[in-house]
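Input: a single structure, listed below in structure tokens.
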2 protein chains.
Amino acid sequence: MPQSASSTWTISELAEEFSVTARALRFYEDKGLLTPTRHGQARVFSATDRARLRLILRGKRVGFSLEEIREMLDLESITSGSPQHLGVWLTRFRARIEVLKQQRRDIDGAIEELETGCAWMEARQADLEPSAELKSRARAFEALARARLEH
Amino acid sequence: MPQSASSTWTISELAEEFSVTARALRFYEDKGLLTPTRHGQARVFSATDRARLRLILRGKRVGFSLEEIREMLDLESITSGSPQHLGVWLTRFRARIEVLKQQRRDIDGAIEELETGCAWMEARQADLEPSAELKSRARAFEALARARLEH
DNA sequence: TATAACGCTTACGTTAACGTCAAGTGGGGA
DNA sequence: TCCCCACTTGACGTTAACGTAAGCGTTATA
């Protein structure tokens with residue numbers, strides 16, 4: 001039983017905690033997103049590594065590529081760059097923000113549609129029999145869906 | 001010059017309007033997401049096709065795979081299924097909604113961080129000289145970033 | 001002592017979503 | 001008529017992000 005309270009983790013501990021495979025963690029190291037120390041051959045992950053992993057997974061969930069995440073995690077290259085270099089990053093950050101805001105709008109729309117679909121399905125499940133009334137409702141739903149399509 | 005007011009589109013017209021390639025549209029047809037009619041060999045896209053494309057691209061932006069989008073666009077398979085089949089879809093829809101809500105939280109967090117980064121870079125660009133004060137600010141930012149990492 | 005259990009590296013395989021030729025078709029101006 | 005241009009259908013190539021398998025060393029437990 002490893003001393004999991006001493007703020008270091010093995011590869012499989014981290015893998016399980018974040019529901020990823022050990023292979024993925026080794027892959028992230030290959031790509032320069034994680035740099036665990038070693039004890040002999042075995043990787044030893046620190047609290048910082050763990051925090052970086054958290055950011056990596058969050059970045060992934062919002063659509064960043066691993067390469068983009070790597071660049072963003074590398075604060076050094078931002079804080080030590082020239083003002084001109086800084087401008088490049090500013091532009092990229094702002095563009096990213098716009099993309100994320102669009103994505104947010106899309107997500108809100110998608111949630112709405114999915115919830116509408118759920119409501120309809122629940123209503124249909126409530127009446128157990130395919131009555132004439134249900135059929136007309138179904139047709140109404142289809143009409144609505146079609147209207148959304150036409151918009 | 002095609003009659004673009006008559007509510008039909010050529011493949012390249014649609015491609016340009018939505019900033020995708022013709023290849024992508026043919027690919028979507030191959031996968032069953034679009035079913036344009038034909039005039040001879042050439043594809044003719046209707047207003048419905050155009051609306052479906054809009055939904056396809058939106059679905060993509062929120063992280064659905066083309067296969068998932070195809071299934072969701074195929075309302076027939078939902079409205080005509082058995083109540084049991086309906087239950088499957090209900091479950092899938094609800095799960096999707098949860099994923100989307102998590103994604104929205106992630107996006108909000110990412111936007112916040114990016115905006116913080118922008119603000120810092122702007123502040124740094126304002127002072128043109130790398131003064132001692134600026135350096136201390138930089139260190140402050142790094143400390144903040146590190147604190148976020150450690151959380 | 002043996003036998004899992006865990007970890008390592010190396011290397012090839014896989015999937016999605018197209019990109020990129022190549023070679024052919026069909027219509028409309030000069 | 002000729003030629004160009006947009007469109008077509010294959011067919012193979014590409015990239016990201018791992019999966020999977022082989023083969024081997026190390027540690028923990030029975």
Kindly say whether [Y] contributes a backbone atom to a donor-acceptor pair with the side chain of [X] at under 3.5 angstrom?
X       : Y       : value
A/Glu68 : A/Ser65 : yes
B/Glu98 : B/Ala95 : no
B/Asp49 : B/Ser46 : yes

Integer-rounded Å distance: [N] [atom2] and [X] [atom1]:
X       : N      : atom1 : atom2 : value
A/Leu14 : C/dC6  : CG    : P     : 16 Å
A/Arg70 : D/dC18 : CZ    : P     : 16 Å
B/Asp30 : D/dA11 : CG    : P     : 12 Å
B/Arg26 : D/dC7  : CZ    : C1'   : 7 Å
A/Arg38 : C/dG7  : CZ    : P     : 13 Å
A/Ile11 : C/dG7  : CD1   : P     : 7 Å
A/Gln41 : D/dT27 : CD    : P     : 10 Å
B/His39 : D/dT8  : NE2   : C1'   : 14 Å

Is there side-chain contact between [X] and [Y], with at least one heavy-atom pair below 4.5 Å?
X        : Y        : value
B/Arg50  : B/Phe45  : no
B/Ile111 : B/Ile107 : yes
A/Leu25  : A/Phe18  : no

Picking from D/dA6, C/dT9, D/dT9, the nucleotide nearest the side-chain atoms of B/Arg43 would be D/dT9
Contact list (N/O, under 3.5 angstrom) for nucleotides 2-4 of chain D vs protein:
none

Pick out which of A/Arg61, A/Lys60, A/Arg54 makes a salt bridge (charged side-chain N to carboxylate O under 4.0 Å, His left out) with B/Asp106.
A/Arg61
Which atom pair, heavy atoms only, marks the closest approach of B/Val62 to A/Ala110?
CG2-CB, 4.5 Å
Provide a list of protein-nucleic acid N or O atom pairs under 3.5 angstrom, restricted to nucleotides 15-18 of chain C.
| residue | atom | partner | partner atom | Å |
| --- | --- | --- | --- | --- |
| C/dA17 | OP1 | B/Leu66 | N | 3.2 |
| C/dC18 | OP1 | B/Lys60 | NZ | 3.2 |
| C/dC18 | OP2 | B/Tyr28 | OH | 2.8 |
| C/dC18 | OP2 | B/Lys60 | NZ | 2.7 |

Residues in side chain to side chain contact (heavy atoms under 4.5 Å, CB included) with B/Glu16, at least two apart?
none
Does A/Thr10 have a side-chain nitrogen or oxygen under 4.0 Å from the phosphate oxygens OP1 or OP2 of C/dG7?
yes
